[in-house]
Structures are given as structure tokens and as C-alpha cells.
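Residue numbering restarts at 1 for every chain, and letters A, B, ... go by the order of the sequence lines.
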Amino acid sequence: MPVTLYNTMERKLEEFIPIEDRQVRLYCCGPTVYNYAHVGNLRTYVFEDILRRTLEYYGYSVRHVMNVTDVGHLVGDGDDGEDKMEKTSKETGKSVYEIADFYADAFFADTADLNILTPTVACRATEHIDDMIALVKRLEERGHTYTAGGNVYFSIDTFPAYGRLARLDLEELRSGARIEVDSNKRNPKDFVLWFTRSKFGNQSMTWDSPWGVGYPGWHLECSAMSMRYLGEQFDIHCGGTDHIPVHHTNEIAQSEAATGKSPWVKYWMHAEFLLDESGKMSKSKGEFLTLSLLKKKGYDPMDFRYFCLGGHYRSQLQFSYRSLDAARTARLNMSSRVQELLAAGAEPVEVVALSDRAVELRADFIEQIGHDLNMPRALSTLWAILKDTVLSPSEKITLLYDIDKVLGLRIDKIPSLTDEELDEECASLIREREEARRAKNYSRADELRDILKTLGIEIKDTPSGTKWKKIL
RNA sequence: GGCGCCGUACCCAAGUGGUAAGGGAGAGGUCUGCAAAACCUUCAUGCACCGGUUCGAAUCCGGUCGGCGCCUCCA
């Protein structure tokens, strides 16, 4: 069965066929490490993780490359504005390299918490300046650049396909540009490849280049590094929807202009935004929603992952604590059912030995994830497995562990009841409570149940005797 | 202004022209000393509204109303 993915370039669902037979080359736009990632940023990385896991589940080998932007990207619009790294540096008194390391570590701690697989290659922009310079040279040799006011620009008029990804109307853009036009530009949509002159000066990260000491333009790193690690043409390029009109549009222009090959990327995939109460999520207004904040409020990172899986990646999703609570409750209910399966002696078996019903459920799951990563449907299959009345506990566990290779909810980390050593204090309290019940001293029994609850043990009196479980 | 999206139950949210997934919350029941859990039952004859196409429309087309995003640092 083929994987179907939505390609932004064509604006439709397409059957995924990699350039190389079973090898997928995937590039994902990574973080700019000048501050913590908010949960909206993280939603996109969860999506990319699901994409990668789905492809791997379907048997592809995935080479996954992600950049870490530790230079460039400016605060203001246009090609001026203050560098974000420099700004944080000024505010904290730390060097830009210290800041980059600190926030890169924080980012990877968050993604690890969310069970997001580490990219095959995570590459730093500052370690690939030579590749970027080489790319600008290629563009220069092919006549796609000009120098003005000390900066090297890409001339979009030398690239007729400019703006196809975003369906830009170039004539409209020319007349209707809202941003202040840089008078050095021949076309308002031209963009800087190499800066030697910044309005803000005092750039602490600069490199020598054929055009003078300076630093690279913002889009260059993704073109240079993706081509270095994945070749001049590759399969999938991902990012947030906000990257369509400028960042990815410019990446395509400079990459295809440099190599003369098209398409540079076969499938473009974009994650929609996670919104907060005020609309677009921001780092500067309202509550700065980080994963650490959610953890501080008592949520497990898997609660947020489950929440993300509840909506489709191409739909905007509204963040609220109410929704996150619903996700947490659902996940805990799932965990509780898994515990009961384990307590019933469930053990994973070979997938090939499954019953017809199990095979059917697994086929549903495979179809759903292969249909443009329909995780909400995949979760409904998860529940169908949990609630099925025909499957044996072992078959259920087998299926759950199997589908969790894609969902990434750490189902295999849910402890079984019998795995837990009940400490002597709790065991004796349980014995005491059973005696109290036999003596019909129910007030004492209820008191002991409350005590056990504070110790993290939940009591259930069943027809076959008193059972306990650890509160998750 | 340009590009695009959305409107489905109390909340979140899938939905590929053919009986409206799932979760959360709620209600009733079985069980129980009481709980909890589990299980059973229940929870949109209808998908913002109005037309149209079709044997058949949440789905396709046109319109109306409402909401949102991007284009401008952010995924």
C-alpha cells in the first residue's frame, strides 16, 4: 500500500514515490536558538517525527537532516532589523555562541521529552559558512546575483519560476509591496545572500568572504546544508506554513538557480499552527507556553504529544488547558487499560501470528497513517484495539507496541502491575484493610484506602479479591 | 490588498460522493458495605445558512453570514 502525502507545491494529495527506491531523504527546517521553543514550535517537530516514523513503519530508510540556526535571522522585516542572536546576547551579557549552545541544548531536551527521534544529522549554520559561500559563488557564476550597497542580492527576475510554491503573483507583489523597499534592490522581492553591511553594525559573528567580511542571508543555510547532506535533489522538505511565502520560496529559487536542476525538492510538507487564546502563538506576548511550563504544571510531555495527535497536522489547532486535560485523561485511561492487559499476563507475540481480527485492525492503522498521516484516525484505532472483545490480551499488547512505533506515546514504558515491587508498608496496609473489611469495620477500611491513595496506590475490591495499582 | 484555511454534539476533533470515527465531559444501569475500575445502555435523522448538481452531498459547485492564519521575528 502506498503512502499518500499532501504536497504543498501541487496543493494536493500525491502518492509518495522516493527518488531512490527504499531510501528517503528528508530535510526539516530546525530551530533558531536564541530563545526557548514554545509548544507551537514543538507541534511542528512532532508532525515531522510522525512523518519520519510513518515512513520507517512502511519500510523506508529515512535520512533525516535538520538545521540548527545559530546565526542570522533578523528581528525586523525586510533585510534590515536587528539580529535576534545579538539581541539576546546584549540582553543577557552572554556571547552569541554561549546562547546558541544553551538554547540548542534546551531544544533537544524538549524533543527528547516528547519522544521525537533525533535527526540523522543535526547541523549548525555556523559550521557550514563555507558551503554557503560556495553556493553564492555558484549563483554569481550563473548570473543570478548583483552587489549593491555592500550586500550581495539574489535577483528573482533571473529565475522565472519564482514564487510557484506560494502561488505568488509577481506583478501584484511589485506594485503592492507593503514593506519599505530597500532602494538597493532591483526587485522588491530580491533577497540578500551575503551581508557586509548591517544597519546595526557590531555583528560579533562575521566571516571572510569574496565579497568582504560579513555574514550570510537567512535562507542560505537551508539550501547549503540540505544539499550537502542530501544531494542536489531530494525527497521531502518540511517546515511550518509560515515558511511557504518567503523562506521556502527563496530557498527554492537559490537552490534551483545554483544547480540548474528542478525540482530541487519533490514533496513540500507544511504543518499548520498551534494557536493560543489570542490567536497566533508568540514568544513575546501573553503566557510563553513552553514544555517546561507544562511540566511545571504537572503535565507529562506525552500528554502534549497525545494532544497534538488528536488533530491533523494541516489543521490549525487551538491550545487550551481544557483540551490538554482531556488529552491527559484519555492517555491515563489508555495507560490504565494497558496495565490491566499486562496484569492479565499479556505478552507480545510475533506480528505474523496474529488473528484475522488483529490483522484487520492493523491494516486499518496502516491505511490511516498512510493517508497523509491521519493521526486522529490512528488514535481511534488505538481505542478500537483497547476495547475489542475478541482479541486476546497478548494480541492487544502486540498491536499496541507495534502501532506505538509510529505514535511514539511510550506505550512500552507503561509498567505492569506485577513488575512493581509493592513496598512492605503498603503491603501491610492492604492486609490490615482486608482484615478490617472482614470485621466489617468499614470506616477503618476507608481510612486505610485514603492513606494508600496518598502513597500512590489505588485499591479496587473485585469479586476475586482486593486488587491494587499504582496511580499513574 | 494578495494567498489560504475553517464553521460537525456540552468541549476537543476525524470524515476518501454511499449507514456521521475517536477522546473528554454528562446521564442511566450491572457490580459493590461504600468507592474505584470494568462492562452495558444513552449522548448530531443531522454537519453555519440559502440555492444548485446527483439515484445519493458534511463531502462537489455558486452565494450569504461568521471565525482564523500567513504575507511582517516566530513552526
Sugar-phosphate only, base, or nothing, as touched by Asn35(A) at under 4.0 Å among non-hydrogen atoms: nothing
Sugar-phosphate only, base, or nothing, as touched by Asp242(A) at under 4.0 Å among non-hydrogen atoms: sugar-phosphate
Sugar-phosphate only, base, or nothing, as touched by Phe307(A) at under 4.0 Å among non-hydrogen atoms: nothing
Side-chain-base donor-acceptor pair under 3.5 Å for Arg449(A) and A35(B): yes
Span that lies between the P atom of G1(B) and that of G17(B), in whole angstrom: 34 Å
Sugar-phosphate only, base, or nothing, as touched by Ile459(A) at under 4.0 Å among non-hydrogen atoms: base
Of residues 377-396 of chain A, the positions that come close to RNA chain B - non-hydrogen atoms, cut-off under 4.0 Å: Arg377(A), Ser380(A), Trp383(A), Lys387(A)
Sugar-phosphate, base or nothing in reach of Leu274(A), heavy atoms under 4.0 Å: base
Euclidean distance for P, U8(B) against G4(B) (whole angstrom): 23 Å
Sugar-phosphate, base or nothing in reach of Gly310(A), heavy atoms under 4.0 Å: sugar-phosphate
Distance test, side-chain N/O of Asn333(A) to OP1/OP2 of G24(B), below 4.0 Å: yes
OP1 or OP2 of C11(B) under 4.0 Å from side-chain N/O of Ser320(A): no
Polar side chain donor-acceptor pair, Glu251(A) to His247(A), under 3.5 angstrom: yes
Atom of His270(A), atom of Arg314(A) and distance for their closest heavy-atom approach: O-CG, 4.0 Å
Donor + acceptor pair across side chains of Thr381(A), Gln368(A) (<3.5 Å): yes
Nucleotide-level pairing of RNA chain B, given in dot-bracket where Watson-Crick and G-U pairs need both distances under 3.5 Å and | marks other strands: (((((((..(((.....[...))).(((((.......))))).....(((((..]....))))))))))))....
Whole-angstrom distance between U30(B) and A37(B), as gauged at atom C1': 13 Å
Rounded P spacing from C68(B) to A35(B) in Å: 46 Å
Phe273(A) over G69(B), stacked by centroid distance under 5.5 Å, angle under 30°: no
Nucleotide nearest Arg433(A) when distance is taken to its side chain, options C34(B), U72(B), A75(B): C34(B)
P gap between C31(B) and C43(B), integer Å: 23 Å
Test: Glu432(A) and Arg444(A) ion pair at under 4.0 Å: yes
Closest non-hydrogen atom pair between Glu48(A) and Cys238(A), with its separation: OE2-CB, 3.5 Å
A20(B) versus U64(B) - spacing of their C1' atoms, nearest Å: 25 Å
Lys297(A) to Tyr321(A) six-membered ring, cation-pi geometry met (6.0 Å, 45°): yes
Aro-ring/base stack His371(A)-U16(B), d under 5.5 Å, angle under 30°: yes
Presence of salt bridge, Arg322(A) and Asp325(A), under 4.0 angstrom: no
Distance test, side-chain N/O of Arg337(A) to OP1/OP2 of C39(B), below 4.0 Å: yes
Polar side-chain contact Asp325(A)-G24(B) base: donor and acceptor under 3.5 Å: no
